[in-house]
Amino acid sequence: MKLLRSDLNSEFNNRLFDISAEDFPDRGTVFADNHITCELSARNIDFGFKIFGVIKAIPEYECVRCLCTIPRNQILPIKLWLIHDKEKSNIENDIVLFPKDDDEIDLNSSIADIISLAEPMSPLCHELCKGLCSQCGKNMNQVSCDCELDMSNNPWGALNKLKLK
Ligand SMILES: [Zn+2]
Ligand SMILES: [Zn+2]
């Protein structure tokens, strides 16, 4: 996604940008949908521009228990300082260098980074995901197998089944 200096100069509010994840540098993120939207506002500041808003993307993750694919609707805040000269500002984070001679700035790598950093440490398809059977490898969310102890004669097993409903 490229922003023009002329557009930034005149500022804007909640402008929508459509981006394709195919244009992103590879950050290891898998996208369920390559279509990404950004809603951004821009302001002039002393040493460049401030942009802020949200990124909407649908990356997909792998459940750590059952290994199924989980698409997740992410709405992520974005706030970046596009500055002319790193030396002259006292801001240290979320900076993108935007030299005065450049007419446009490409934010794809910054956006790819924000989406990549939002990946959960241990993604789960569901809090109660039962995972894979440690013996036969079947997905216990979809099928039951004979490997497990028969819980039906066990009163606690019956109770647990009720709780899951
Ligand atoms: Zn799972
Ligand atoms: Zn099994």
Side-chain angles (χ1 to χ4, degrees), residues 1-3 12-43 49-83 91-98 104-165:
M1 181 189 71
K2 286 179 178 162
L3 294 180
F12 49 81
N13 282 315
N14 304 322
R15 187 181 289 182
L16 282 175
F17 297 87
D18 290 305
I19 323 169
S20 170
E22 286 165 15
D23 299 333
F24 280 180
D26 187 13
R27 295 287 190 270
T29 309
V30 179
F31 290 91
D33 184 345
N34 276 329
H35 181 227
I36 293 163
T37 53
C38 272
E39 193 177 316
L40 293 179
S41 302
R43 296 287 180 274
F49 306 97
K50 172 180 146 183
I51 59 164
F52 54 96
V54 290
I55 302 166
K56 295 178 187 173
I58 313 178
E60 63 183 31
Y61 306 121
E62 190 176 75
C63 174
V64 289
R65 286 190 202 151
C66 73
L67 310 181
C68 75
T69 300
I70 334 159
R72 190 157 288 173
N73 281 296
Q74 295 274 38
I75 300 179
L76 306 168
I78 173 174
K79 186 163 86 175
L80 294 173
W81 310 93
L82 315 179
I83 62 173
I91 300 170
E92 283 170 8
N93 296 317
D94 306 320
I95 292 176
V96 185
L97 192 61
F98 188 20
E104 58 180 30
I105 183 167
D106 187 338
L107 293 177
N108 279 348
S109 62
S110 301
I111 293 169
D113 285 343
I114 290 170
I115 296 171
S116 163
L117 287 171
E119 177 165 353
M121 294 287 284
S122 303
L124 284 178
C125 62
H126 192 279
E127 268 178 89
L128 299 174
C129 173
K130 295 178 204 158
L132 303 176
C133 170
S134 56
Q135 293 173 56
C136 71
K138 282 182 183 161
N139 186 337
M140 304 303 287
N141 300 309
Q142 292 159 1
V143 289
S144 53
C145 59
D146 300 327
C147 310
E148 271 198 321
L149 294 171
D150 184 14
M151 300 292 271
S152 55
N153 296 327
N154 176 331
W156 296 111
L159 249 181
N160 280 334
K161 276 181 192 164
L162 279 177
K163 278 186 195 160
L164 288 177
K165 276 181 187 167

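Note that the structure is predicted; figures quoted are calculated from it, not measured. For the single chain, residues carry numbers from 1 onward in sequence order. One-based numbering, in listed order, for ligands and for the atoms of each.
- Arg27 contributes no side-chain N or O that, together with a main-chain N or O of Ser116, makes up a donor-acceptor pair within less than 3.5 Å.
- Counting backbone and side-chain atoms alike, Cys63 contributes an N/O/S atom closer than 2.8 Å to the Zn ion (ligand 1).
- Heavy atoms from other residues, nucleotides or ligands lying under 6.0 Å from CD1 of Ile75 number 12 at most.
- Annotation: angle subtended at the Zn ion (ligand 2) by Cys136 SG and Cys145 SG is 110°, to 10°.
- Vertex the Zn ion (ligand 1), arms ending at SG of Cys129 and SG of Cys66: the angle is 110° after rounding to 10 degrees.
- Note: Phe49 and Phe98 have tilted aromatic rings, judged against thresholds of 30 and 60 degrees for the angle between ring planes.
- Between the side chains of Arg65 and Asn139, no donor-acceptor pair of N or O atoms lies under 3.5 Å.
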